[in-house]
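Heads up: the structure comes next, in structure tokens.
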Amino acid sequence: MATALIIDYGMGNLHSVRRAFEECGAEVLISDDPKDIRKATHIVLPGVGAFHDGMTSLVQSGWCEAVRRESEKEGIPVLGICLGMQLLAEKGHEGRETEGLGLVPGTVEKLIPVSSMTRIPHVGWNEIYRTRENPLFEGIPDGTDFYFVHSYRFVPERQEDAIAMTPYCGEFASAVMHHNVFGVQFHPEKSQKYGFQVIKNFLALN
Amino acid sequence: MLKVRIIPTLLWKDLGLVKGIAFDSWRRVGTVLPAVKVYNMREVDELIVLDITASREHREPDYEAVAEFSGDCFVPLTIGGGIREMDHIKKLLRSGADKIAINSAAYDDPELITRAAMHFGSQCVVASIDARKSDDGAHYCYSLCGSKPMGREVVAWAMELERLGAGEILITSVENDGTMNGYDLDLLRKVSENVGIPVIASGGAGNYQHMADAVSIGKSSAVAAASMFHFTEQTPLSAKQFLQENGIPVRNANMRQ
């Protein structure tokens with residue numbers, strides 16, 4: 001059985017993430033102690049909030065180093081959700097420039113409205129279109145709606161790391177993959193049937 | 001394309017689910033938890049649950065109840081009522097809220113919106129405004145469940161809330177609420193045209209055409225409704241089918257239930 005370790009670094013709603021992973025058949029461990037990372041078969045970095053606050057908290061609590069080590073040396077699959085996805089980047093430009101985890105090459109930038117009718121934050125259900133076959137979106141039709149709530153977007157350095165795109169403010173990378181590290185800008189835990197499919201697909205990785 | 005959200009609103013008072021008319025004559029219409037479960041099963045776009053007496057009674061949000069609602073709810077959940085401090089928000093998010101709605105406290109402590117947005121992100125801060133139309137045609141803000149006039153004009157306050165860091169505006173017409181005679185379209189349009197954040201229409205929905213009007217005329221990003229779903233046979237799913245037939249983008253309009 002997969003043991004999903006959900007990193008508790010004080011940023012947001014862990015309850016729904018935990019319930020969703022349990023529903024998808026995982027054993028769940030919510031932890032604020034980086035030592036627990038050894039017990040994990042899968043690492044989940046959830047979170048809502050500001051890039052700088054999130055990163056500061058990850059660094060101070062020692063998670064930063066632990067996650068880098070487990071994902072890079074041990075090859076443990078990592079899934080970043082929403083802010084968690086953005087923290088995988090090398091740099092964030094929210095408020096001030098902040099160094100990220102650097103697990104997926106790229107930066108985080110503000111969504112720029114393309115018309116006076118474009119609202120920021122991007123809140124609600126919007127489609128995803130995969131750019132190539134990938135294990136995370138196995139069994140999920142192109143054009144499926146997922147639930148988003150964010151004002152910033154991940155800009156991958158390498159185009160091939162963007163595995164799904166979403167049309168808003170032009171278009172942005174709604175999911176990234178770099179080796180064993182995955183990020184989704186939407187909330188799979190709140191995206192009902194197909195959100196759960198994403199979680200199950202992630203848990204099937206090893 | 002981003003879809004228009006249809007959001008059932010659940011008003012909650014002393015653990016019961018209630019619905020009033022013009023913020024008065026509250027009727028008990030059931031309990032909250034079974035309602036949350038039904039909407040979760042129907043895969044609605046979002047849910048808003050407001051504790052309507054918490055602020056008036058100086059109560060903190062009921063975190064245990066929220067944890068119970070969110071336990072089996074995989075629908076994005078906004079919780080409001082009684083939030084006055086950062087710690088309340090933190091506990092609500094931990095109890096399973098995805099977004100929190102602040103109304104009365106924003107008048108006393110506008111910086112609360114800013115602190116919340118800075119720390120938790122503006123995307124989880126919904127600023128809620130209750131408005132009444134005055135004889136001069138302008139709309140004014142009311143707090144404490146529509147009971148206290150704040151002497152602020154609505155559009156100016158909405159713009160101020162956006163500037164403070166709110167991520168969405170939930171705008172409710174006090175006098176239309178519960179009447180099922182339609183949203184205050186003039187109010188919606190004025191607010192939507194003057195802010196760049198999403199606006200959720202609330203107060204007055206009685207049929208699907210009202211929802212379509214809130215989007216096409218009122219320029220709202222989302223439509224909330226309570227009475228219409230509690231007291232009539234109309235459902236969020238049929239609302240979506242109607243909106244889709246009228247060229248408004250929605251999700252899951254063709255799902256079977």
Side-chain angles (χ1 to χ4, degrees), chain A residues 8 10-20 22-24 30 47-54 57 82-83 86 94-95 113 115-127 143-152 166-169 186-196 199, chain B residues 1-7 40-46 66-67 70-78 89-90 92-100 116-126 162 165-169 192-193 195-200 219-222 249-252 255:
Chain A
D8 179 4
M11 302 299 280
N13 180 353
L14 305 176
H15 188 84
S16 335
V17 180
R18 184 189 58 199
R19 288 288 298 116
E22 283 170 356
E23 285 290 303
C24 294
I30 292 185
V48 296
F51 192 100
H52 182 82
D53 287 10
S57 161
C82 197
L83 174 67
Q86 298 177 354
E94 193 167 327
S115 84
S116 62
M117 288 313 295
T118 314
R119 312 240 159 213
I120 310 285
H122 175 222
V123 183
W125 297 80
N126 206 336
E127 298 120 71
T144 298
D145 287 311
F146 285 88
Y147 185 76
F148 291 86
V149 48
H150 63 116
S151 308
Y152 288 78
T166 291
Y168 201 72
C169 295
F186 54 82
H187 288 270
E189 77 280 13
K190 289 287 168 179
S191 295
Q192 301 163 4
K193 186 170 113 192
Y194 287 111
F196 282 24
I199 294 173
Chain B
M1 188 186 269
L2 183 62
K3 311 303 183 296
V4 167
R5 289 165 282 156
I6 296 181
I7 309 178
N40 179 59
M41 200 170 66
R42 292 184 178 174
E43 301 195 350
V44 296
D45 296 335
E46 243 183 81
V66 171
S70 68
D72 287 306
C73 175
F74 298 103
V75 170
L77 184 63
T78 300
I89 300 172
K90 189 176 172 183
L92 281 174
L93 295 176
R94 291 212 159 224
S95 306
D98 296 291
K99 299 190 267 190
I100 52 90
M118 293 284 282
H119 187 73
F120 303 107
S122 54
Q123 78 291 328
C124 83
V125 183
V126 179
E162 179 182 25
E168 282 183 278
I169 302 270
S192 294
E193 283 177 348
V195 297
I197 55 181
V199 172
I200 305 166
K219 312 288 179 204
S220 309
S221 299
V250 290
R251 74 181 262 273
N252 275 357
M255 79 180 268

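Order of the sequence lines sets the chain letters (A, B, ...), proteins ahead of strands, with each chain counted from 1.
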Q.
Taking the side chain as everything from C-beta on, heavy atoms only, tell me whether B/Met118 gets closer than 4.5 Å to A/Asp53.
A. no

Q) Can you say whether B/Ser95 sits under 4.5 Å from chain A via the side chain, the backbone, both, or neither, judging by heavy atoms? A) backbone

Q | Region of B/Ala117 in contact with chain A, defined by heavy-atom distances below 4.5 Å | A | neither

Q. Can you say whether B/Lys99 sits under 4.5 Å from chain A via the side chain, the backbone, both, or neither, judging by heavy atoms?
A. side chain

Q: Check each atom of B/Arg251 against the heavy atoms of chain A and say whether the ones under 4.5 Å are side chain, backbone, both or neither.
A: both

Q | Side chain / backbone / both / neither for B/Ser221 at chain A, heavy atoms under 4.5 Å | A | side chain

Q. Which one, B/Gly96, B/Cys73, B/Gly121, leads in non-hydrogen pairs under 4.5 Å with chain A?
A. B/Gly96

**Q.** Contacts of A/His122 that satisfy ring pair (Phe, Tyr, Trp, His ring centres under 6.0 Å) - sequence neighbours left out
**A.** A/Phe148, A/His150, A/Tyr168, A/Phe172

Q.
Could you work out, with ring pair (Phe, Tyr, Trp, His ring centres under 6.0 Å) as the rule, every residue matching A/Phe196, not counting sequence neighbours?
A. B/Phe74

**Q.** Taking every non-hydrogen atom, the tightest pair across B/Met1 and A/Pro167
**A.** N-CG, 3.7 Å

Q: Quick one: closest heavy-atom pair of A/Lys190 and B/Val75, and the distance?
A: NZ-O, 2.9 Å

**Q.** Interchain contact, A/Glu127 with chain B, by part (heavy-atom threshold 4.5 Å)
**A.** both

Q) With respect to chain A, which residue among B/Pro198, B/Ser192, B/Ala116, B/Pro76 yields the maximal number of heavy-atom pairs within a distance under 4.5 Å? A) B/Pro76

Q | chain A contact via B/Val4 - side chain, backbone, both or neither, heavy atoms under 4.5 Å | A | neither

**Q.** A/Met117 versus B/Lys219, closest heavy-atom pair with distance
**A.** CE-CD, 4.4 Å

Q: Side chain from CB out, backbone as N, CA, C, O: work out which of these in A/Ser116 comes under 4.5 Å of a heavy atom of chain B, or both, or neither.
A: neither

